[in-house]
Amino acid sequence: MRWSHLFIPTLREAPAEAEAPSHRLLVRAGYIRPVAAGIYSYLFLAQRSFLKIIRIVREEMDAIGAQEMLLPALHPAELWQESGRWELMGDNMFRLKDRFGRELCLGMTHEEVMTAIARGELRSYKQLPQIWYQIQTKFRDEPRPKSGLLRVRQFLMKDSYSFDLDPAGLDVSYEKHRRAYCRIFDRCGLRYIVVEAHSGAMGGSQSHEFMVPAEAGEDWVVVCSGCGYSANLEKAVSRPSPPVVADPDGDLAPEEFHTPGRKTIAEVAEFTGLPPSSQIKSLVMMVDGEPVLALVRGDHTLSETKFAEAVGGTEVRPAHGGEIRGWFGADAGSLGPVGVRGIRIMADAALRGRRNMICGANKDDYHLRNVTPDEDFTAEYHDLRQVEDGDACLRCGGPLERKKAVEVGHIFKLGYKYSESMGLRVLDASGKEVTPIMGSYGIGIERILCAAVELYHDEDGMALPVPIAPFAVVVTPVNASDERQRSAAEAIYGRCLELGLDALLDDRDERPGVKFKDADLIGIPYRITVGKKLAQGRVEVLERRTRQSWEMAEVEAASWVAAKVAAALGDGR
RNA sequence: CGGGCCGUGGCGCAGCCUGGCUAGCGCGCUUGCUUGGGGUGCAAGAGGUCCCGGGUUCAAAUCCCGGCGGCCCGACCA
């Protein structure tokens, strides 16, 4: 295509509010334009890139026997009421009413619709297994859209669903997806890790996330450099570092002491001269309207996800100051488990076996020393804390590291949650009714592009992987008024097209600097520069990612780039 | 939902505190000339409900009240 005819509105400066590299660059490079908070228009370049990503996704899904469909984005409330998620999703779901007052919502995901299709049509075990997928616009009423396309209210997603007769079948479908996802992200040129994940509101047993480590990422993952253990922070487990100071020996009785104005762990540590790891942090959580006391070591952080799972409540949140005073008669800065009656106490496993620690006295401005778990109070022990940097890996003892990452894919073993609640049954070989078991698998299309930009950019712009770049090569005559350069560039461009390359000819009457800057910005992997050396029949090929350049004969350039591009596309195409 | 910040031509900003000519600057855009290997130079132009509503005042981009929109941190998160 000829640049002079295209709409590629590049900006010299990015909008002030954009912070994440992918956000700044996608706007600057003319890929996207904001329409409202978390809602974007995808312009020509973005659309080209998405079409390439979608094609890769489609090829790999088809390769595992998945069947593509297209389901509605607009759903009736009844479907979501059946599964119980109409309430569960709360404000995260866009809801609306039609002219007759019927309630509808915009789909955040499609378990309900897919299951509704399956229950009407699947009747025999002979029809299983099935894998159905679609590439569809999804909606989520994000409380806080941010970081450009990384967290938005409307986005593209490939979602697939598997239906199997039994758990062994589900294992097979799950594994097919895991492998397909690896091929998809490999082909898109991403560097990613697969982590164990928490299932969240989806329900289900096993789940893995595909994560691309990047500073702009929204999720935290924990990885072990030793054995390769990796997990989402919500799920990760570790052996905590030992307390900084050993506990005092002896069978000491709790003893109250005055701590005027000392409310935080840090203030109490400073006041007592003992480190946070010698304290018990007491947090009050409201679980379905009832208070529960959660205890972790002073230097640890409560994982609300793990806590919620351990208590088994549906609605879990930190208690408000007023509620705390009502139950404990003290401020949040002076709480502790000693003497607490009628309130469930959950303690992190790292507190088990400790002796003579410090905690609040449930009396403003007083703390207790010599508090020993299981002697001075009793609690249920669970793993309740977040992994900290430097904790030891449970498998190999190596040090764990926390990293920010972008979630590009997520696979779940759903179990029977939807098939059961929505009444999906088939007859098995013995003529008995059985409930199929399901899996659910998602890929964020926009996030693949974002992650690639986060991974591969520099101060000049993006350096996209060949398979997902909007164009593979740009042919740039340096001097627009030089007839010989123009016709040579035309010839090379024509040759690129013949070789099947997605080629762009920068035929704009612009200064060379402008053309070079724009090409760098929009991230075209290869540039063929037709300039002064043309007098000797030579041109220059530049690789965007590495900034390496090669001078070669005019007639060679197109096929040379074609070979590079073919190598980058691998055998997938 | 808690905390912080911001709305002035397409983009980036100044002006506001201390109200007062026709609201400025850089980039971009248009026209002409110029230049031609990293956003060329000169000249002439076009383009603004100063987020919206109300109030104070002789006078509001500027002060006051309310609303809307957006960004960042945290909480939340198929």
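Hydrogens, waters and symmetry mates are skipped; everything else that's a heavy atom, side chains included, is used. Residue numbering restarts at 1 for every chain, and letters A, B, ... go by the order of the sequence lines.
Taking atom C1' on both B/rG55 and B/rG19, the two are 15 Å apart, rounded to the nearest angstrom. Rounded to whole Å, the separation between the C1' atoms of B/rG48 and B/rG24 comes to 12 Å. With P as the reference atom, B/rC6 and B/rG12 are 16 Å apart, rounded to whole Å. Here the separation of B/rC71 from B/rU30, taken at their C1' atoms, is 33 Å to the nearest Å. Distance noted for atom P between B/rC42 and B/rC25: 16 Å (whole Å). Nucleotides B/rC27 and B/rA14 have their C1' atoms positioned 15 Å apart, rounded to a whole Å. A distance of about 15 Å separates the P atoms of B/rC51 and B/rC13, rounded to the whole Å. Comparing the C1' positions of B/rG15 and B/rU8 gives a spacing of 9 Å, expressed to the nearest Å.
Annotation: cation-pi geometry satisfied between A/R527 and A/F516 (NZ/CZ under 6.0 angstrom from ring centroid, within 45° of ring axis). Relative to the ring axis of A/Y456, A/R545 places its NZ or CZ within 45° and under 6.0 Å from the centre.
Listed pair A/K532 / B/rG36 fails the phosphate criterion, with no side-chain N or O lying under 4.0 Å from OP1 or OP2. Between A/R511 and the phosphate of B/rU35, there is no side-chain N or O to OP1/OP2 separation shorter than 4.0 Å.
Side-chain to base pairing of A/R28 with B/rG12: no donor and acceptor N or O lie closer than 3.5 Å to each other. The base of B/rG39 is not paired with the side chain of A/R508 by any donor and acceptor separated by under 3.5 Å. Side chain A/E13 to base B/rG28: no donor-acceptor pair is found below 3.5 Å. The base of B/rC71 is not paired with the side chain of A/R24 by any donor and acceptor separated by under 3.5 Å. Below the 3.5 angstrom threshold, one finds no donor paired with an acceptor across the side chain of A/D482 and the base of B/rG36.
By the salt bridge (Lys or Arg N to Asp or Glu O under 4.0 Å) test, A/D460 is found to be paired with A/R547, residues two or more places apart in sequence or in another chain being considered.
Within the nucleic acid shown, A/R33 has no heavy atom closer than 4.0 Å to any nucleic acid atom. Using a 4.0 Å heavy-atom distance criterion, A/S147 is classed as a sugar-phosphate-only contact. Among the atoms of the strands shown, base atoms are found under 4.0 Å from some heavy atom of A/E510. No contact: A/D219 has no heavy atom under 4.0 Å from any strand.
Where A/K158 and A/A36 meet RNA chain B, the nucleotide closest to each residue was compared, and A/A36 sits on the side nearer the 5' end.
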Would you list the atom pairs, donor with acceptor, under 3.5 Å between side chains in residues 533-540 of chain A and any protein atom, with sequence neighbours excluded?
{"unit_1": "A/K533", "atom_1": "NZ", "unit_2": "A/E551", "atom_2": "OE1", "d": "3.3"}
{"unit_1": "A/R538", "atom_1": "NE", "unit_2": "A/E551", "atom_2": "OE2", "d": "2.9"}

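A/Y441 pairs with exactly one of A/S162, A/S160, A/S207 by the side chain to side chain donor-acceptor pair (under 3.5 Å) rule, that one being A/S162.
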